[in-house]
Amino acid sequence: MLAICEIFYSLQGEGPFMGRPAVFVRMSGCVKPYCEFCDTPEALGQGTPMALATILKQVRSYGCSLVVITGGEPFLQWEDGLLQLSQQLLEQGMSIQYETSGRAGIPENVTGIVVLSPKPGQWPSPGIISKAHFLKPLVGDDPQITLEAIQHCGFPANRVWLMPLGRSREKQIVRMPMVWDLCVRYGYCMSPRLHILAFDQKKGI
Ligand code: SF4
């Protein structure tokens, strides 16, 4: 059984897979203390226990080959069934992209693409960062800490996607020019958060 917050079909709104249709499996639970800017508070509870077969059936029902496993913090449940779910998804020809904050580490035996989104002031250790395929940091009004952290860990610039911090369309738009300038200056990729730009704070899209 896995603790699931929701499973739905939509577009990936951010990062290297931005704009692609995907099935989202949002796992429940995260590592305390929770972030004060958390935009998925619904994923911080206990969630609904679901059997692997039930999850697989629902994922397959959308007929989409990209599965985004997100949270909360998905890797908290790696040993409790997420590893098996991932193996079965791959065996059935699907691609997996994990969205993680790195707060629960990244498993040694992870398969699929890991997109690591460290939160401001909560950068994982170099050992965790080295297991990620892409870095997708949020940038707030004080980007210096984030920039120094990226440069300190030596992650390749062309695999860094900077995103504006902010849960509302207004905050996204206000911070986008700053993120744009930083990406131009340092050679990073820029990721707007398309779902917020399109729908503001609306849920269930
Ligand atoms: S790591 Fe993500 S899901 Fe967990 S509290 Fe922070 S923003 Fe929310």
Side-chain angles (χ1 to χ4, degrees), residues 2-8 10 12-18 22-50 67-82 85 96-107 110 112-129 131-143 145-146 149-150 153 155 160-172 175 179 191-197 199-205:
L2 287 170
I4 300 294
C5 173
E6 57 182 345
I7 301 174
F8 60 100
S10 188
Q12 170 59 289
E14 56 192 41
F17 293 82
M18 185 174 52
V23 182
F24 291 77
V25 178
R26 187 179 303 288
M27 318 281 298
S28 287
C30 195
V31 179
K32 291 182 178 174
Y34 301 144
C35 310
E36 61 183 30
F37 50 79
C38 181
D39 58 359
T40 53
E42 67 275 18
L44 303 181
Q46 293 190 328
T48 303
M50 289 180 73
V67 182
V68 177
I69 297 180
T70 184
E73 177 42 65
F75 289 137
L76 277 177
Q77 298 189 66
W78 185 251
E79 297 294 342
D80 299 330
L82 181 56
L85 175 66
I96 300 176
Q97 186 224 310
Y98 301 94
E99 292 274 354
T100 178
S101 65
R103 298 170 93 194
I106 296 175
V110 71
I113 302 295
V114 176
V115 180
L116 175 61
S117 185
K119 309 306 175 197
Q122 301 177 17
W123 274 67
S125 67
I128 293 173
I129 294 172
K131 294 181 199 156
H133 298 91
F134 294 98
L135 263 189
K136 194 182 63 167
L138 288 162
V139 181
D141 290 332
D142 182 7
I145 297 172
T146 302
I150 297 171
C153 73
F155 211 83
V160 175
W161 294 69
L162 290 190
M163 295 193 305
L165 180 67
R167 293 168 58 175
S168 69
R169 181 187 287 148
E170 183 186 358
K171 283 201 168 151
Q172 286 292 305
R175 286 177 172 149
V179 176
S191 171
R193 305 180 79 193
L194 290 182
H195 49 298
I196 299 177
L197 291 178
F199 297 102
D200 202 6
Q201 299 183 65
K202 185 179 174 188
K203 291 285 184 181
I205 50 167

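We count residues from 1, following the sequence as given. Atom set for the values below is all heavy atoms of this structure, side chains included, hydrogens, waters and symmetry mates excluded. Counting convention: from 1, in listed order, for ligands and their atoms alike.
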For a distance under 2.8 Å, give residue and atom name for each protein N, O or S atom next to atom 8 (Fe) of ligand 1.
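Result, waters dropped: C38 SG.
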I'd like to know whether T70 forms a side-chain contact (heavy atoms from CB on, under 4.5 Å) with T40, so could you lay out the CA-CA distance, the side-chain angles of the two residues, the decisive distance to 0.1 Å, and finally the verdict.
CA-CA 10 Å; T70 184; T40 53; over 6 Å; no
Give the residue, atom name and distance (to 0.1 Å) of the protein heavy atom nearest atom 1 (S) of ligand 1.
R103 NH1, 3.4 Å
Report the relative orientation of the aromatic rings in Y98 and F75; use parallel for angles under 30°, tilted for 30 to 60°, perpendicular for over 60°.
tilted
Counting only heavy atoms from other residues, nucleotides and ligands, does the tally under 6.0 Å from NZ of K203 exceed 12?
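Yes, NZ of K203 has more than 12 neighbouring heavy atoms, counting only those of other groups under 6.0 Å.
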In a check of side-chain contact (heavy atoms from CB on, under 4.5 Å) between W123 and each of L135, L116, I128, which one passes?
L135
Using the salt bridge (charged side-chain N to carboxylate O under 4.0 Å, His left out) rule, pick out the option among R167, R193, K171 that qualifies with D39.
R193
State whether a side-chain donor-acceptor pair under 3.5 Å links Q46 with S28.
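There is no such pair between these side chains.
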